[in-house]
Protein chains: 2
Amino acid sequence: MPKIGMEPQRRAALVQATIGEIGAAGSLQVTVGQIARRAGVSSALAHHYFGGKAQILSAAMRHILSEYSAEVRAALAAAKTPQDRLRAIIAANFAESCFEADVISAWLNFYVLAQRDPEAGRLLRIYQGRLRSNLTHALRVHMARPEPAAEVLGALIDGMYLRAALGGAGFEQGAAEQVMACADALIRGQT
Amino acid sequence: MPKIGMEPQRRAALVQATIGEIGAAGSLQVTVGQIARRAGVSSALAHHYFGGKAQILSAAMRHILSEYSAEVRAALAAAKTPQDRLRAIIAANFAESCFEADVISAWLNFYVLAQRDPEAGRLLRIYQGRLRSNLTHALRVHMARPEPAAEVLGALIDGMYLRAALGGAGFEQGAAEQVMACADALIRGQT
DNA sequence: CCTTTGATTGACTGGTCAGTCAATAAAAAC
DNA sequence: GTTTTTATTGACTGACCAGTCAATCAAAGG
C-alpha cells in the first residue's frame, strides 16, 4: 500500500536506525541491510533514497551535529545573565539528547570516519569551531584572555565523551559538574 | 632460506605494520593481507603466528600501551622533585613515541574496538586507571583533594589526543603546555 | 480509464576478506 | 643421512556485503 510522501519519513527512520545500529555494534561496520531492517524497510530502499552507505552515514552525522547545535542554541537563548552562558553551554553538551549511549558511540565513530572522509572531518571541525567560539564568548565576561581556557574546555568536553564511550559508571551528570568545576578553576586561577 | 628464530622478529614487524596500516587507513578495516605485505610476509604467516586478526589487533594495542607505560615510567624516574612529577607525567603523555600520527590514530581506533571487544576495553581501562593513579599521586603534593583534578586532567589528555587525531595544526607541543596550564589553574584555583 | 509517478522489493552480482591447508624448503637433531 | 622441527607460501573456500535492476503496486492526474 504505497502511500505518497514517504521519503522524509523513510529518511528520518533510516537516519535514526543508523545511529541505533552504530551504537549497538560500536562500529561503522554496520551493513545497509541491518540499518534498513531496523528502519523497517528493504536495503534497496535505503540505497534508493540515499544513493549509498557513505551518504547514509553522512546524513546520520549531520543529524547528530544539528541536534547538538539546537541543544546549545536553546541553552544559550535561555541563559538569563552573561554569567549563565558558560554553565548553559556546558550543561547543553551533556544534555540527554546528546549525551546518550548510542549518540556517543556514533559520535566517536564519526571521529574515526573523519580520518578517512574529508567531509566528515569538515563537519567535525565546524562543530569544534562553534564550540570554541561559544566558549570564548562566554568566558570573555570572566577573563581577559579567554582563548586558552576555551581551548582547554573544548578538549575536556571531548575527553569526557571519550570516557563515556568506554562505558564505565554514571558519568551522566558527574561529567558536566567536573567540567564546570574546571571552568571555575580556570577563571579563578587565571594568570 | 628459512632461518630459525624468526618468530619474535616477525611478530614485532607485524605489530609495527599493523599500527602503520591503521594509521594510514584511519580505520580498523585493514586487511590481514595489507598488514602482512607491509611487514614483508604472506598473510598466511600472519595467521600462523597470531591465529587471527583479533589477536594481531590485540598485540598492536598491547604494544602501544606498553610503550606508553615505559615512557611514563621513565619520566617519573627522571623527575627530581615531587613537584616535577606532575609536569613529567604530562610531558610523557605528549612525548614523541606516543604522540605521533600513526599511534594516535591507532589509539583512537582502539577506543572504538573497545566498544565491541571486552579485552580491548579492559586494556584501555587499565591505562586510564594508571593515569588516574599517577596523576593523583603527583597532585597530592599540591592539593588536599587531588582526585577530582586528576579525573579532569586525565579526560583532558584524552581530549587532546582526540583533537590531534582530527588533524589540525601543530598541536605537538602546544597540547602539553595547555594541559600544564590547566593543571596550574586547578591547583591555584582549588576550592 | 490509462498513464505517469513515487514506493517498494526480491533476486542477483562482483568483489572482498578471514581463515584453512597441503606443500616446500631449510635448518637442527639424532 | 634420515627425521623432526620451524618457516613460509600459493591457492582455495565460504561468508558477507554494497550496489544494481527489473518488476510490482497503488495513488494521482488527466
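Reckoned from all heavy atoms, side chains included, excluding hydrogens, waters and symmetry mates. Chain A is the first sequence line, chain B the second, and so forth, proteins listed ahead of strands; every chain is numbered from 1.
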The criterion is salt bridge (Lys or Arg N to Asp or Glu O under 4.0 Å); which residues satisfy it with [X], sequence neighbours excluded?
X	answer
A:Arg10	none
B:Arg145	none
A:Glu7	A:Arg11
B:Arg140	B:Glu147

Exercise for the section: Name all residues meeting the side-chain hydrogen bond (donor to acceptor under 3.5 Å, both in side chains) criterion together with B:Thr136; count only those two or more places apart in sequence or in a different chain, and write none if there are none. Expected result: none
Exercise for the section: Name all residues meeting the side-chain hydrogen bond (donor to acceptor under 3.5 Å, both in side chains) criterion together with A:Arg130; count only those two or more places apart in sequence or in a different chain, and write none if there are none. Expected result: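 Applying side-chain hydrogen bond (donor to acceptor under 3.5 Å, both in side chains) to A:Arg130 gives A:Ser69.
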Practice task
Would you jot down, in residue-number order, the residues of residues 11-25 of chain B having a non-hydrogen atom under 4.0 Å from DNA chain C?
Solution key: none
Completion exercise
Within residues 35-49 of chain A, the residues having a heavy atom closer than 4.0 Å to DNA chain C are A:Val41, A:Ser42, A:Ala44, A:Leu45, A:His48, A:Tyr49
Could you tell me the separation between the [atom1] atom of [X] and the [atom2] atom of [N], rounded to a whole number of Å?
X	N	atom1	atom2	answer
B:Lys53	C:dT20	NZ	P	15 Å
B:Ile4	C:dA29	CD1	C1'	10 Å
B:Gln29	D:dC17	CD	P	11 Å
B:Gln34	C:dA18	CD	C1'	13 Å
A:Gln55	D:dG19	CD	C1'	11 Å

Problem - Consecutive-pair stems (3 or more, Watson-Crick or G-U, under 3.5 Å) for DNA chain C - result: C:1-30 with D:1-30
Exercise for the section: Could you name each residue pair satisfying salt bridge (charged side-chain N to carboxylate O under 4.0 Å, His left out) that touches residues 112-122 of chain A, not counting sequence neighbours? Expected result: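 Qualifying pairs, neighbours excluded: A:Arg62-A:Glu119, A:Glu119-A:Arg122.
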Practice task
Name the residue closer to the 5' end of DNA chain D, choosing between B:Arg10 and A:Gly33 according to the nucleotide with the nearest heavy atom.
Solution key: B:Arg10
Quick one: which protein N/O atoms are closer than 3.5 Å to N/O atoms of nucleotides 1-5 of chain D? Pair and distance per line, please.
none

Handout entry: Partners meeting side-chain contact (heavy atoms from CB on, under 4.5 Å) with A:Gln34 (sequence neighbours left out)
Key =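 A:Glu21, A:Val30, A:Thr31.
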Problem - Heavy-atom side-chain proximity of A:Ile89 to A:Leu76 below 4.5 angstrom - result: yes
Problem - Options C:dA7, D:dG19, D:dT8, nucleotide nearest the side-chain atoms of B:Met6 - result: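 Looking only at side-chain atoms, B:Met6 lies closest to D:dT8.
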Handout entry: Least distance between heavy atoms, B:Met160 atom then B:Ala175 atom
Key =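 Here B:Met160 and B:Ala175 meet closest at SD-CB, 4.1 Å.
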Completion exercise
Between B:Pro146 and B:Ala144, the two heavy atoms sitting closest are CD-O, 3.2 Å
Exercise for the section: For B:Ser97 and B:Glu67, test the side chains for any donor-to-acceptor distance below 3.5 angstrom and give the result as yes or no. Expected result: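 No, no side-chain donor-acceptor pair sits under 3.5 Å.
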Problem - Residue that, paired with B:Tyr68, satisfies ring-ring contact (aromatic ring centres under 6.0 Å, His included) out of B:Tyr161, B:Trp107, B:Tyr127, B:Phe110 - result: B:Tyr127
